[in-house]
Amino acid sequence: MLRARFTYIWLILLLIPAMGLAQIQIGGQGQSTLKPAQNVEVSDVPNDAGDAVEISWELPEGVSADDLIRVRIYRSTNQSGPFEQVGTVPPLTNSYTDEADEENDYLVSPKETYFYKVGLYDGSYQAMSAASEGISPQISFFNWGRLNVFIILGIYFVLTLYFIRASRKGREIYIRTLPGLEALEESVGRATEMGKPVLYMPGIDEANNIQTLYSMVILRYVTQLVAEYETPLIVTVGKAFVVPLAEETVRQGYMDAGRPDLYNQDIVRYYSDEQFAAAAGVSGVILREKPATNIYLGSFYAESLILAETGFLTGSIQIAGTGNIHQLPFFVVACDYTLIGEEFYAASAYLSDDPKLLGPLKAADWMKILAIGFIGIGAILETFGIHLFSQLLQI
Amino acid sequence: MARRSIPTMIAFFFGAMMVINYFVPWGWFSDRANQVQEWGLIVVAFAYILGALNVMRVHGHKVQRKDEDWRFSIVTIITMIVMLTFGLLPEAWGIGGMEKGSPFLWMFDNMYVPMMATMYSLLAFFIASAAFRAFKVRSLEATLLAVTAVIVMIGAVPLGGILLPGSMELRTWIMETLQNVGKRGIMIGVALGAISTSLKIILGIERPYGRD
């Protein structure tokens with residue numbers, strides 16, 4: 001009797017874990033209480049090339065993000081499937097943008113219609129939603145999100161053309177004195193008197209940087225100056241791509257001055273594309289050849305102070321100018337003259353007095369007034385909690 | 001005439017293409033614009049050959065003329081040839097390539113990188129000497145600059161709050177209000193200058209390329 005009871009208890013003890021296992025197995029086959037995501041909606045991402053779709057969903061009643069491990073997104077070109085997983089998001093997120101990125105290169109195309117399903121996964125079971133409505137991404141031919149930039153650029157363009165025209169018709173355009181540019185001729189004259197060269201460095205950035213490109217305009221002017229005085233010129237370059245550009249500019253400068261005989265191929269010296277290797281090379285030139293004038297005009301980074309301080313040690317007159325505002329304090333401290341930001345871009349107009357070049361300067365002044373107005377209006381409206389204006393200017 | 005107009009037309013076409021690309025997300029157009037940028041990369045790759053030739057020419061002439069410190073030019077030429085040779089040799093030869101264990105990478109890691117780090121480290125000394133000159137109290141403006149700099153420096157270190165109570169808050173205010181105002185003013189000017197210059201180059205008003 002006792003033996004029969006023990007057998008009965010053993011059977012019960014063995015059945016308990018077996019029942020548990022059976023429960024998990026049933027859940028895995030789709031009989032969990034986890035409900036699928038609701039209101040799975042798809043929409044086209046605006047202002048794109050028709051290569052993105054936005055999917056959003058809601059968690060079902062009684063399910064919170066804490067109950068889930070992750071949410072999986074599936075896509076198909078057929079409502080009945082088969083569906084392919086295209087992305088995964090954390091449970092707290094309730095939207096996903098299906099677009100190409102570093103991990104997902106399955107691009108959607110405007111030529112196809114897509115259906116999406118959302119799978120809620122709790123670690124052991126996945127509840128799959130019904131398929132969404134079909135969507136074909138739309139191609140946008142204009143990015144309406146950038147309309148504000150377009151309008152402002154348009155205003156700038158019209159103002160530029162207007163002032164070029166006005167300047168050509170003889171309207172007087174005043175430019176304040178820029179000591180850095182005034183000092184250019186004086187510094188070249190000093191180099192001539194001392195019988196030492198003038199060093200010019202157009203920054204260390206690529207030729208596609210507008211500062212490097214613009215520096216070539218000033219280099220041409222400096223070359224004309226040194227050609228007139230027959231002063232030696234050294235142009236140090238920190239990017240291989242700038243070498244042919246600088247060589248052509250210098251050659252043209254000597255030709256403009258009527259002294260092509262003074263041009264030689266060793267004027268433009270390339271050092272390295274590496275920032276500090278170039279800085280070391282140029283510092284070496286400054287220390288060895290001791291130029292009377294160092295002109296640094298272009299895009300500079302951390303090497304700015306190395307160059308300017310080395311030039312200071314050798315007693316050169318130094319003129320610098322850059323649009324990289326983080327380097328401006330270094331140049332201001334170590335150089336005799338510094339063209340601050342926009343002054344650098346005013347150089348060609350200032351030096352040539354050409355009406356075509358003076359017009360854009362005036363247009364830029366009007367744009368600054370416009371910017372000041374925008375800042376003032378924005379500050380007042382934001383103070384009163386009106387965000388419409390700042391939203392209009394957001395990109 | 002053609003010497004002037006053809007480069008201007010090319011500059012206008014490609015410049016305008018890049019501006020339009022910013023506003024037009026249409027895939028066909030952006031593909032063309034990206035393709036043009038890839039052409040740029042190819043041109044840049046060829047520019048390295050010109051760069052290497054420039055180094056050889058300039059330093060070769062220096063050695064030929066026995067200019068001051070011409071021996072350094074020999075070192076430059078030799079190191080360039082050595083690095084180029086090891087970098088260009090096929091990896092299969094055992095001494096070529098740029099992978100781990102290759103002589104090229106060994107030289108890069110153990111010679112080139114420390115030299116770059118040394119140059120960068122020099123900045124600390126240059127900053128000290130430049131700051132010494134900048135903070136000399138010579139005028140009212142220089143005094144204001146020096147006082148502000150002292151507050152900012154004290155407020156930037158943990159001990160600053162104890163040495164000068166309120167310096168940390170004052171530093172934050174100086175950096176976020178006074179400094180930002182000036183910085184943004186310059187930034188607006190720089191941005192307008194850059195747009196204006198781009199416009200002048202695209203329209204052929206300013207021509208840093210080609211001949212007149």
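All chains are named by letter (A, B, ...) in the order of the sequence lines, taking the proteins before the strands, and each is independently numbered beginning at 1.
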What part of A:Leu153 is in contact with chain B, defined as an atom under 4.5 angstrom from a non-hydrogen atom: side chain, backbone, both or neither? side chain

Report the distance from atom CE of B:Met80 to atom OG of A:Ser272, rounding to the nearest 0.5 Å. 11.0 Å

State whether the side chain of A:Tyr156 and the backbone N or O of B:Leu192 hold a donor-acceptor pair below 3.5 Å, judged by distance alone. yes

Classify the ring geometry of B:His59 against A:Tyr271: parallel below 30°, tilted from 30° to 60°, perpendicular beyond 60°. perpendicular

Walk me through whether B:Leu50 and A:Phe241 qualify under side-chain contact (heavy atoms from CB on, under 4.5 Å). CA-CA 8 Å; B:Leu50 292 175; A:Phe241 195 27; over 6 Å; no

Among A:Ile267, A:Asn208, A:Ile218, A:Leu213, single out the residue with the greatest number of heavy-atom pairs under 4.5 Å to chain B. A:Leu213

Could you tell me whether B:Trp70 atom CH2 has more than 12 heavy atoms of other residues or ligands within 6.0 Å of it? yes

Looking only at heavy atoms, which two atoms of B:Val190 and A:Gly323 are closest? And how far apart? CG1-O, 3.7 Å

Identify the two heavy atoms, one from A:Thr310 and one from B:Phe126, that lie closest to each other, and give their separation to 0.1 Å. OG1-CZ, 4.0 Å

For side-chain contact (heavy atoms from CB on, under 4.5 Å), just list the numbers for B:Met115 and A:Phe276, CA-CA rounded to whole Å, side-chain angles, deciding distance to a tenth of an Å, and then say yes or no. CA-CA 9 Å; B:Met115 282 193 280; A:Phe276 290 107; over 6 Å; no

Any idea which of B:Val44, B:Thr197, B:Val24 has the most non-hydrogen atom pairs under 4.5 angstrom with chain A? B:Thr197

Should the heavy atoms of other residues, nucleotides or ligands under 6.0 Å from CE of B:Met111 be counted, would the total exceed 12? no

Which of the residues A:Val243, A:Val237, A:Leu357 is involved in the greatest number of heavy-atom pairs with chain B at under 4.5 angstrom? A:Leu357

Heavy-atom pair count under 4.5 Å with chain A, highest-scoring of B:Thr76, B:Thr118, B:Asp69: B:Asp69

Working to the nearest 0.5 Å, report the span between CD1 of B:Ile186 and CG of A:Leu328. 6.0 Å

Is it true that a side-chain atom of A:Asn143 and a backbone atom of B:Phe23 form a donor plus acceptor pair closer than 3.5 Å? no

Taking the six-membered ring of A:Phe312, is the NZ or CZ of B:Arg133 close enough (under 6.0 Å from the centre) and on axis enough (within 45°)? yes

Answer with side chain, backbone, both or neither: which region of B:Lys200 has an atom nearer than 4.5 Å to a non-hydrogen atom of chain A? side chain

So if I take each residue of residues 27-38 of chain B and look for any heavy atom under 4.5 Å from a heavy atom in chain A, which residues do I end up with? B:Gly27

Chain B shares the most heavy-atom pairs under 4.5 Å, among A:Ala364, A:Ala277, A:Ala349, with A:Ala277

Need one label for A:Asp266: side chain, backbone, both or neither, based on atoms under 4.5 Å from any heavy atom in chain B. both

Engaged part of A:Ser140 at the chain B interface, taking heavy atoms whose separation is under 4.5 Å: both

Decide if atom CH2 of A:Trp366 counts as having more than 12 heavy atoms of other residues, nucleotides or ligands within a radius under 6.0 Å. no

Are A:Ile325 and B:Arg184 close enough that some pair of their side-chain heavy atoms sits under 4.5 Å apart? no

Can you confirm whether more than 12 heavy atoms, excluding those of B:Met116, are under 6.0 Å from its CE atom? yes

Are more than 12 heavy atoms from other residues, nucleotides or ligands located less than 6.0 Å from atom CZ of B:Phe13? no

How close do B:Ala130 and A:Val333 get, heavy atom to heavy atom, and via which atoms? O-CG1, 3.1 Å

Please look at B:Tyr112 and chain A and tell me whether the side chain, the backbone, both or neither of the residue comes under 4.5 angstrom of a heavy atom of that chain. side chain

Nearest heavy-atom contact between B:Gly51 and A:Ala240 is CA-CB, 4.2 Å

Flag, side chain of A:Arg269 to backbone of B:Val55, donor-acceptor distance under 3.5 Å: no

Might you point out which heavy atoms bring A:Ile210 and B:Ser198 nearest each other, and give the distance in Å? CD1-OG, 3.5 Å

Any idea which of B:Tyr120, B:Phe125, B:Tyr22, B:Phe72 has the most non-hydrogen atom pairs under 4.5 angstrom with chain A? B:Tyr22

Based on non-hydrogen pairs under 4.5 Å, which of A:Lys356, A:Glu309, A:Glu274, A:Glu289 is most in contact with chain B? A:Glu309

Among the listed options A:Lys239, A:Glu303, A:Arg288, A:Glu343, the residue most often paired with chain B at heavy-atom distances under 4.5 Å: A:Arg288

Select one option (side chain, backbone, both, neither) describing which atoms of B:Ile20 are under 4.5 Å from chain A's heavy atoms. neither

Heavy-atom proximity to chain B below 4.5 Å, by part of A:Ala302: both

Just wondering, more than 12 heavy atoms not from B:Phe46 lying within 6.0 Å of its CZ? no

Chain B contact via A:Ile164 - side chain, backbone, both or neither, heavy atoms under 4.5 Å: side chain

Between B:Leu203 and A:Phe157, is there a side-chain heavy-atom distance shorter than 4.5 Å? yes

Within the distance-only criterion (no hydrogens, no angle test), does the side chain of B:Arg57 pair as donor or acceptor with the backbone N or O of A:Gln265 below 3.5 angstrom? yes

Is it the backbone or the side chain of B:Ile205 that comes under 4.5 Å from a heavy atom of chain A, or both, or neither? both

Taking all non-hydrogen atoms of both residues, which atom of A:Val268 and which atom of B:Asn54 are closest, and how far apart? O-ND2, 3.0 Å

